[in-house]
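Heads up: the structure comes next, in structure tokens.
Start at 1 with the first residue, then count along the sequence. Whatever order the structure lists them in is the order used to number ligands and atoms, beginning at 1.
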Amino acid sequence: MKNLHKLGVNIDHVATLRQARGTDYPDPIEAAKICAKAGADSITIHLREDRRHIQDSDVYRLTTDCPLPINLEMANAEEIVQIALEVKPAEVCLVPEKRQELTTEGGLDVVGNFQTLEKTVQRLQNNGSIVSLFVDPDKKTLESCAKTGAKVVELHTGTFCDATDPEQANAHLKKLSTGAEYAHALGLQINAGHGIHIGNLFHILTIPHLDTLNIGHSIVARAVFQGLENAVREMIQAINQKR
Ligand code: PXP
């Protein structure tokens with residue numbers, strides 16, 4: 001059955017776990033295959049300039065071996081753009097990137113960086129990738145997104161998801177909904193991502209015209225607990241096999 005909204009699973013943290021020990025497991029490709037089996041629509045990976053989790057080799061392997069379309073998150077940095085041009089992911093999501101941040105902290109300044117973003121959007125789209133721009137739901141920003149020629153915006157839901165004050169959360173949610181209406185009227189596809197988990201999903205789903213939800217941290221975190229019991233049982237069984 002077709003899902004009401006598409007789900008893109010961000011598997012960066014699978015690579016984070018692997019990089020923490022410098023092993024070759026857990027392998028993001030295995031994770032992508034499990035996501036496909038579970039019904040996900042796409043796989044998101046962020047090739048950061050500091051290569052803290054996803055590595056270049058993951059990008060090459062996933063864009064050839066993954067059963068689902070790849071959405072490559074990346075900064076508008078020439079070195080990374082070259083990789084995207086080479087591997088031609090189904091989708092590229094341009095995000096701002098700061099070296100010290102734990103995760104992407106805010107939306108792109110599309111107005112301030114219009115010329116360079118427009119150029120990258122055109123290069124990637126002419127090369128066959130759909131480009132989305134990760135932005136806050138601000139009218140001027142959304143207008144600039146449409147002007148770059150990008151077909152998709154990913155609305156930054158992190159500010160809403162992280163808000164602890166209910167009034168502020170409500171105000172952020174309203175901005176997301178108004179922004180989605182505006183982006184839709186501009187002819188843009190609307191995706192959403194950042195900080196979404198089972199507990200706040202109900203609110204996120206009130207945002208109109210949503211196409212794809214890109215969710216990572218909460219799914220991988222949940223997977224640890226969903227799978228821990230099996231992993232311990234499996235190890236105990238293996239130990240006992242010597243009997
Ligand atoms: N969308 C974008 C553009 C992101 O940068 C991230 C985090 O890498 C996500 C979605 C997923 O956010 P989370 O891991 O909080 O679900």
Side-chain angles (χ1 to χ4, degrees), residues 5-17 19 28 31-32 35 40-55 58-59 62 68-77 80 84 89-110 117 120-121 124 129-138 141-142 145 150 152-163 169 172 176 179-180 183 188-201 203-205 207 210-224:
H5 301 287
K6 294 190 203 115
L7 173 65
V9 182
N10 181 316
I11 57 170
D12 291 346
H13 284 350
V14 176
T16 302
L17 193 54
Q19 295 309 110
C35 295
D41 297 280
S42 56
I43 295 296
T44 295
I45 47 172
H46 186 169
L47 183 66
R48 295 187 69 100
E49 288 181 87
D50 62 11
R51 309 299 201 272
R52 68 173 72 160
H53 37 54
I54 293 293
Q55 304 297 304
D58 295 323
V59 176
L62 278 158
L68 294 175
I70 294 294
N71 170 30
L72 179 64
E73 268 181 37
M74 50 179 261
N76 183 18
I80 311 281
E91 198 166 318
V92 170
C93 179
L94 293 174
V95 300
E97 202 175 292
K98 292 190 211 113
R99 291 253 158 185
Q100 302 306 324
E101 68 190 359
L102 289 177
T103 179
T104 318
E105 279 170 2
L108 280 168
D109 176 5
V110 187
L117 280 169
T120 303
V121 168
L124 292 165
S129 296
I130 294 167
V131 179
S132 83
L133 301 172
F134 183 59
V135 290
D136 293 306
D138 161 73
T141 302
L142 293 168
C145 287
V152 185
V153 284
E154 178 168 328
L155 295 181
H156 181 12
T157 52
T159 318
F160 161 71
C161 293
D162 297 342
H172 287 309
L176 285 163
L188 294 160
Q189 177 185 309
I190 294 130
N191 296 347
H194 223 285
I196 302 173
H197 55 67
I198 294 271
N200 59 28
L201 181 67
H203 295 291
I204 295 290
L205 293 178
I207 300 169
L210 281 180
D211 186 277
T212 302
L213 299 173
N214 286 315
I215 308 178
H217 182 72
S218 70
I219 293 179
V220 177
R222 184 88 181 116
V224 173

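Atoms of ligand 1 lying under 4.0 Å from any heavy atom of I215, numbered from 1 in the order shown and given with element: 16 (O). Atoms of ligand 1 lying under 4.0 Å from at least one heavy atom of V95, given by number and element, are 3 (C). If you number the atoms of ligand 1 from 1 as listed, the ones under 4.0 Å from a heavy atom of H194 come out as 4 (C), 5 (O), 6 (C), 7 (C), 10 (C), 12 (O), 15 (O). Proximity to H217 (heavy-atom distance under 4.0 Å) selects the following atoms of ligand 1: 13 (P), 14 (O), 16 (O).
Looking at E73 next to ligand 1, an N or O pair under 3.5 Å apart turns up. Polar contact check, I196 against ligand 1: no nitrogen or oxygen pair lies under 3.5 Å apart. In terms of polar-atom proximity, G216 is counted as a contact of ligand 1, with an N or O under 3.5 Å from an N or O of the ligand. For ligand 1, one of its N or O atoms has an N or O atom of E154 under 3.5 Å away.
Judged purely by atom type and a 3.5 angstrom limit, E91 has no side-chain atom pairing as donor or acceptor with the backbone of P89. For the pair H13 (side chain) and V220 (backbone), a donor-acceptor distance under 3.5 Å is absent.
Considering CD1 of I190 and CG of L213, their distance stands at 12.0 Å, rounded to 0.5 Å. Distance check: R222 CZ to H217 NE2 gives 13.0 Å after rounding to the nearest 0.5 Å.
Comparing heavy-atom distances from atom 11 (C) of ligand 1 across N214, L155, N71, V220 singles out N214 as nearest.
Residue contacts with ligand 1 for H13 are absent, since no atom lies close enough (heavy atoms, distance under 4.0 Å).
Heavy atoms of G195 approach ligand 1 to within less than 4.0 angstrom.
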Would T120 and V131 count as a side chain to side chain contact (heavy atoms under 4.5 Å, CB included) here? Give the steps.
CA-CA 9 Å; T120 303; V131 179; over 6 Å; no

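Between S132 and the options V95, N214, V152, a side-chain contact (heavy atoms from CB on, under 4.5 Å) holds for only V152. Checked against L72 for a side-chain contact (heavy atoms from CB on, under 4.5 Å), the options I43, T44, V59 give a single hit: V59.
Checking N191 against Q189 by side-chain atom types alone, a donor-acceptor pair falls below 3.5 Å.
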